[in-house]
Amino acid sequence: MAPMWHDGLLARAQALSAPPEVTPTRKQCGAQAGKLAMIGGGACGRLLRVSASRWTRCWVLECRLGSSYPGGGGGGGPANVFDRSMKKRQKEWANAVRDSHKYDYLREEVGARVADRVYDVARTFPLALEIGAGRGYVAQHLSKETVEHLLLTDISQSALRQNAGSDMRCHALAADEEFLPFRENSFHLVLSSMSLHWVNDLPAALGQIHGVLKPDGAFIGAMAGGQTLYQLRCSLQLAETEREGGLSPRVSPYAAVADLGNLLGRAGFNLLTVDTDEVQVNYPSVVEVMMDLQGMGESNCAWNRRSMLRRDTILAAAAVYQEMYGEEDGSVPATFDVLYMIGWKPHRSQAKAAKRGSATASFGDLSKIARNDDAGE
């Protein structure tokens, strides 16, 4: 039997848990139906359909339950948020699961979008580095006409051994994103897809990436941020408060898109581009959400997390999740807010901004031109 919830508690939860941006309606998502293209399947037999718009939907056809990951505890200082050794064990476990590639639907989609941004740069990169490469989610979408040589690094050796392969000359090296073992000015391009949100010191990691790039080299990356998994976070917080009298950080903290440009600028990058994309996946229940996160190796690894989640807390979280965010077909959505970033290491050949006050026209003049054109029509 599902836990019962007071109307007042649910009303307060709905008021506090709303995301900062308007959630698309079913009608808005359905308007893009003509533009959708099937790109693959997921761990639960789900069909992932992607459009060029901000809203991406994934409809669930069926789901199979798997085994759970045995969590662990630990302790650390305030500047050391994540247990990197635990994250490595989580990734190793995820790669050892039978049919583990079926959990790669999100990483493959984001990797394809990062590769699209590489193709937008009209040049060939002789030597590139991908950090947090996993099974090569970006590399499998690149060609040797764009990247001649690629070095793949990841904290998990088993993930590198399961590399999907590509047309380029690739080499693999086990290395931590927090400590890049490369000389300065070594690479023409650095790539990263869905790994930097587990780094303890993001400014320092961006500084290392800037250091290993050659002058006029590019960094193109993607990471989870913003309101990622806000539905799961709110549901677990309410359930733990109700059932256990307190709460634990079950969902890791994420960077905000407003801060990412400042971090890239502080690291020394210029010609910055930062944008965000929202991917929404529908699951049968909150249990399948957490199972797929484990299969992806994306379980929480914060030092101050609780190692166990009680059964009654899970049932309560499932009831809250369904009540607050459930769809008409009985499924529940999980939102992934993906932040994309492009930055260039400075070089004298790059375009420079004009001096302040050197403009020969004002925005007021431009508005007059637009009004005259409208009048001429």
Side-chain angles (χ1 to χ4, degrees), residues 20-21 52-54 109-133 137-139 141-142 146-147 150 153 177-178 180 182 184-228 253-279 336-359 363:
E21 298 180 355
S53 68
R54 178 179 172 81
E109 173 59 23
V110 176
R113 300 189 186 190
V114 172
D116 287 342
R117 287 161 170 79
V118 178
Y119 285 114
D120 289 339
V121 181
R123 69 167 63 176
T124 298
F125 298 96
L127 181 60
L129 167 69
E130 182 180 354
I131 60 176
Y137 303 107
V138 181
H141 299 286
L142 298 176
T146 303
V147 177
L150 179 63
T153 65
E177 298 93 328
E178 294 187 339
L180 298 180
F182 307 108
E184 292 188 356
N185 305 321
S186 298
F187 299 95
H188 302 86
L189 172 68
V190 175
L191 303 169
S192 176
S193 180
M194 300 298 286
S195 67
L196 288 179
H197 53 275
W198 293 117
V199 170
N200 280 301
D201 192 345
L202 183 57
L206 294 176
Q208 290 188 62
I209 293 172
H210 180 273
V212 301
L213 277 172
K214 291 179 178 290
D216 200 32
F219 167 55
I220 303 177
M223 59 183 290
Q227 293 297 309
T228 296
Y254 295 104
V257 64
D259 300 326
L260 197 53
N262 294 331
L263 293 176
L264 289 169
R266 287 173 51 189
F269 292 100
N270 62 3
L271 305 178
L272 304 177
T273 302
V274 179
D275 64 295
T276 180
D277 199 3
E278 187 175 275
V279 178
F336 299 90
D337 217 4
V338 185
L339 310 182
Y340 297 91
M341 66 203 98
I342 301 176
W344 293 81
K345 190 168 183 176
H347 188 261
R348 62 178 180 273
S349 65
Q350 295 172 351
K352 303 290 191 301
K355 292 183 178 180
R356 186 177 181 87
S358 63
F363 285 110

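Heads up: numbering here begins at 1 and tracks the sequence. Only heavy atoms go into these numbers, but all of them, side chains included; no hydrogens, no water, no symmetry mates.
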So S186 and L127, do their side chains get closer than 4.5 Å, heavy atoms only? no
Rounded to the nearest 0.5 Å, what separates atom CG in D259 from atom CG in L339? 10.0 Å
Tell me the closest heavy-atom pair linking L264 and M341, and the distance in Å. CD1-CB, 3.8 Å
Drop me the distance from F125's CZ to I220's CD1, to the nearest 0.5 angstrom. 5.5 Å
Nearest heavy atoms of A139 and L150, plus distance in Å: CB-CD2, 3.4 Å
Nearest 0.5 Å, please: how far is CG in L213 from CD in Q208? 12.0 Å
Show the numbers, then the answer: is there a side-chain contact (heavy atoms from CB on, under 4.5 Å) between L142 and L191? CA-CA 12 Å; L142 298 176; L191 303 169; 3.8 Å; yes
Could you pull out the closest heavy-atom pair between D337 and G226, with the gap in Å? OD2-CA, 3.8 Å
Test side-chain contact (heavy atoms from CB on, under 4.5 Å) on F182 and T153 and set out the steps. CA-CA 11 Å; F182 307 108; T153 65; 3.9 Å; yes
Point-to-point distance, once rounded to the nearest 0.5 Å, from CG of L189 to CH2 of W344: 8.0 Å
Enter the distance from M194:CE to E109:CD here, rounded to the nearest 0.5 Å. 11.0 Å
Contacts of D275 that satisfy side chain to side chain donor-acceptor pair (under 3.5 Å) - sequence neighbours left out: R117
Between H210 and G268, the two heavy atoms sitting closest are NE2-O, 3.2 Å
Non-hydrogen atoms of A115 and H141 that approach each other most closely: CB-CB, 3.5 Å
Once side chain to side chain contact (heavy atoms under 4.5 Å, CB included) is applied, do any residues pair with A267, and if so which ones, sequence neighbours excluded? L206, F269
What pairs with D116 under side chain to side chain donor-acceptor pair (under 3.5 Å), at least two apart in sequence or on another chain? none
How close do H347 and S349 get, counting heavy atoms only, and between which atoms? ND1-OG, 2.7 Å
Scan residues 211-226 for pairs that pass salt bridge (Lys or Arg N to Asp or Glu O under 4.0 Å), counting only residues two or more places apart or in two chains. R123-D216
Partner residues of A222 under the side chain to side chain contact (heavy atoms under 4.5 Å, CB included) criterion, sequence neighbours left out: V110, V114, V338, Y340
Who pairs with E177 by side chain to side chain contact (heavy atoms under 4.5 Å, CB included), at least two apart in sequence or on another chain? R84, K91, I131, I155, S195, V199
How long is the span from the OG1 atom in T228 to the CD atom in E278, to the nearest 0.5 Å? 8.5 Å
Quick one: side-chain hydrogen bond (donor to acceptor under 3.5 Å, both in side chains) pairs with a partner in residues 265-274, sequence neighbours left out? N270-Q350
